[in-house]
2 protein chains.
Amino acid sequence: MAKEISVQTLQRLPLYLQYLKTLPPKGEKSISARALGEALGFGEIQVRKDLACVSDSGRPKTGYPAVELTRDIENFLGYDNVNDAVLVGAGRLGKALLSYEGFRAYGLNIVAAFDSSPEKCGGDESGKKILPFSKLQNLCQRMKIELGIITVPASEAQAVCDVLVGSGVKAIWNFAPTHLHVPEEVILKNENIAASLAVLSKSLAKSESQFLNPAAVNER
Amino acid sequence: MAKEISVQTLQRLPLYLQYLKTLPPKGEKSISARALGEALGFGEIQVRKDLACVSDSGRPKTGYPAVELTRDIENFLGYDNVNDAVLVGAGRLGKALLSYEGFRAYGLNIVAAFDSSPEKCGGDESGKKILPFSKLQNLCQRMKIELGIITVPASEAQAVCDVLVGSGVKAIWNFAPTHLHVPEEVILKNENIAASLAVLSKSLAKSESQFLNPAAVNER
DNA sequence: GGTATATCGATACTCCATTATCGATATACC
DNA sequence: GGTATATCGATAATGGAGTATCGATATACC
């Protein structure tokens, strides 16, 4: 436990958690690394290494107690302390994220959305407020917002990003299909659907032309 | 050119392409690996190795001719031959994907969406049709659809997946936050927002507690 | 209580992606 | 046309993630 953790491991942790939550509460008290691995498509050694980073509840002969393991992963990922965030760009994708209930379970709370076109402003069906872009800076500074989510078109993304950074945001989650420039100390995570699609359609093409590598493009 | 290509390289190729498209048509005819790397945050050697997989248009002293390079990447990624797809789950995320204009540029054409609740059926604002789920199998078989996009809640995802596979779909793009089981020969790509968020919020937490590693969580 | 066994955790190994080094070469300039 | 130079491309070195092996140990069963 408490070793250096790699990005890959970090990305797998939520998957373990998702699976643990699907287990019936009345079922087995413990689960083995092998069983977890088979359910998710990972090797059992990899599962042990991943879990060793966040929990030491593993017991020989029985495996990991489901309740303790769940708690340990959640603690590590910080799902208990909530992160406030703002979202910029109330288009379709922005609204989809706004109304996604699951974020709260991941410790993320979108406090408000912003958009430059006035007709989008007001209340969203999700119950979240959509405010004019001009109010962004003020709100971020007042509420000490640290995370900004960008769902505007690519052409506006850098400008929005600059405003967010100027408002004290420390991390940017970018869904616009473009590369953003941020200062050293600001964390940037790009969500690029084209990159994912490239992997998928390429392996589809490959498998059709009988080349090689038919399956399992995903993780690992 | 034409060496084995890694998944990582494959994921970066669309990023090069995106950047190339932002260059003014009247500007420099050529661009160097160093310039590309600086714009996107990669090392110049990595850029050369990536591009070597898909193009041999690089010239000493000048770099890569923008037009040729663009064409080579697009050819490699298959953006010229269109892939038909169906989407299942006309919720907010599903509709967002439906109306995303950018897909066509990536060689993806969503021919129709499906949903089990009748009130969602009919025409979407995007112009795409939303059909009852019962018609899924028939349409897939008739049109020989090879790619299925899943945007239903996690609880229904496996059932939808099974129907898609049973309808002859060869690749699944899964946006539901759950792990799916598919036959060996079916390609599965999971889009997991929780995994991305985990990386982001963890590094945010880290940078605050002054541990280490302040920036650049993203690719590489 | 003793013993067999399933499973964990640590160490060692392998493999692949990234990074560094170096020679080759086409262009630009004189 | 000759020469200097920026840049590419190939080969080698490094680093890190994933995988295998093996001993340790807690549990279950007799």
Side-chain angles (χ1 to χ4, degrees), chain A residues 1-13 15-16 20 28-66 68-69 72-73 195 198-199 202-203 212-213 216-220, chain B residues 1-13 15-16 20 28-66 68-69 72-73 195 198-199 212-213 216-220:
Chain A
M1 186 168 171
K3 359 207 111 177
E4 277 303 317
I5 192 158
S6 73
V7 172
Q8 282 84 346
T9 294
L10 192 47
Q11 296 199 85
R12 282 189 295 266
L13 288 175
L15 306 180
Y16 297 122
L20 287 169
E28 297 289 328
K29 287 251 184 302
S30 292
I31 184 164
S32 70
R34 170 185 291 264
L36 265 169
E38 280 192 9
L40 294 169
F42 305 146
E44 61 174 322
I45 301 108
Q46 186 171 64
V47 175
R48 276 195 213 102
K49 273 190 109 173
D50 285 345
L51 298 185
C53 295
V54 301
S55 175
D56 51 5
S57 67
R59 302 261 183 104
K61 181 83 178 183
T62 55
Y64 301 83
E68 286 181 63
L69 182 58
D72 288 341
I73 299 177
V199 178
K202 193 68 196 177
S203 33
L212 42 91
N213 193 27
V217 176
N218 199 34
E219 27 273 321
R220 119 248 294 285
Chain B
M1 184 167 170
K3 1 206 110 177
E4 276 305 315
I5 191 158
S6 73
V7 172
Q8 283 83 346
T9 295
L10 192 48
Q11 297 201 83
R12 283 190 293 267
L13 287 176
L15 306 180
Y16 297 121
L20 287 170
E28 297 288 329
K29 286 253 185 301
S30 291
I31 185 164
S32 70
R34 169 184 293 262
L36 264 170
E38 279 191 11
L40 293 169
F42 306 143
E44 61 174 322
I45 301 107
Q46 186 170 67
V47 174
R48 275 195 215 103
K49 272 194 107 173
D50 285 346
L51 298 185
C53 296
V54 300
S55 175
D56 51 6
S57 67
R59 301 263 184 101
K61 180 84 177 186
T62 55
Y64 301 82
E68 284 181 64
L69 183 57
D72 287 341
I73 298 177
V199 178
L212 43 89
N213 194 25
V217 176
N218 201 32
E219 24 275 319
R220 116 250 291 291

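Keep in mind it's a predicted model, so treat the numbers as computed, not measured. Chain letters run A, B, ... following the sequence lines, proteins first and then strands; every chain starts at 1.
- A pairwise comparison of heavy atoms in A:Arg48 and A:Tyr64 identifies CG-OH, 3.6 Å as the closest pair.
- Residues B:Pro65 and B:Ser57 come closest through the heavy atom pair CD-O, 3.1 Å.
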Tabulate atom names and distances for all N/O pairs under 3.5 angstrom spanning the protein and nucleotides 11-14 of chain D.
none

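- Here B:Ile45 contributes atom CD1 and B:Asp50 contributes atom CG; the two are 11.5 Å apart, rounded to the nearest 0.5 Å.
- Rounded to an integer number of Å, the gap from CG of A:Asp56 to P of D:dA26 is 13 Å.
- Here the P atom of nucleotide D:dG15 and the CD atom of A:Glu4 are 16 Å apart, to the nearest Å.
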**Report entry** CA sep, side-chain torsions, deciding dist, call: B:Leu20, B:Ile31, side chain to side chain contact (heavy atoms under 4.5 Å, CB included)
**Finding:** CA-CA 9 Å; B:Leu20 287 170; B:Ile31 185 164; 4.2 Å; yes
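- By the side chain to side chain contact (heavy atoms under 4.5 Å, CB included) test, A:Gln8 pairs with A:Ser6, A:Arg12, sequence neighbours left out.
- One atom, CZ of A:Arg12, and another, C1' of D:dA17, lie 8 Å apart when rounded to the nearest Å.
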Pairs: protein N or O with nucleotides 27-30 of chain D N or O, under 3.5 Å:
| residue | atom | partner | partner atom | Å |
| --- | --- | --- | --- | --- |
| D:dT27 | OP1 | A:Arg59 | NH1 | 2.7 |

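- Distance, B:Arg34 CZ to D:dA6 C1': 10 Å, rounded to whole Å.
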Check: residues 33-40 of chain B side-chain donor-acceptor pairs under 3.5 Å, at least two apart:
| residue | atom | partner | partner atom | Å |
| --- | --- | --- | --- | --- |
| B:Arg34 | NH2 | B:Glu44 | OE2 | 3.2 |

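- Taking atom NZ of A:Lys29 as the reference point, atom C1' of C:dA6 lies 20 Å away to the nearest angstrom.
- Of all heavy-atom pairs spanning A:Val199 and B:Leu10, the tightest one is CA-CD2, 3.7 Å.
- A:Ile73 approaches A:Tyr16 most closely through the heavy-atom pair CD1-CB, 4.0 Å.
- Annotation: side chain to side chain contact (heavy atoms under 4.5 Å, CB included) contacts of B:Ala195 (sequence neighbours excluded): A:Gln11, B:Asn192.
- Distance, B:Glu44 CD to D:dC8 C1': 10 Å, rounded to whole Å.
- For the strand DNA chain C, secondary-structure stems (runs of at least three Watson-Crick or G-U pairs, all distances below 3.5 Å) span C:1-30 with D:1-30.
- The nucleotide whose nearest atom lies closest to any side-chain atom of A:Gln46 is, among D:dT19, C:dC8, C:dA17, D:dT19.
- At whole-Å resolution of the value, CG in A:Leu51 and P in C:dA10 are 13 Å apart.
- OP1 and OP2 of C:dA6 both lie 4.0 Å or more from every side-chain N or O belonging to A:Tyr64.
- The separation between A:Gln8 atom CD and D:dG15 atom C1' is 13 Å, rounded to whole Å.
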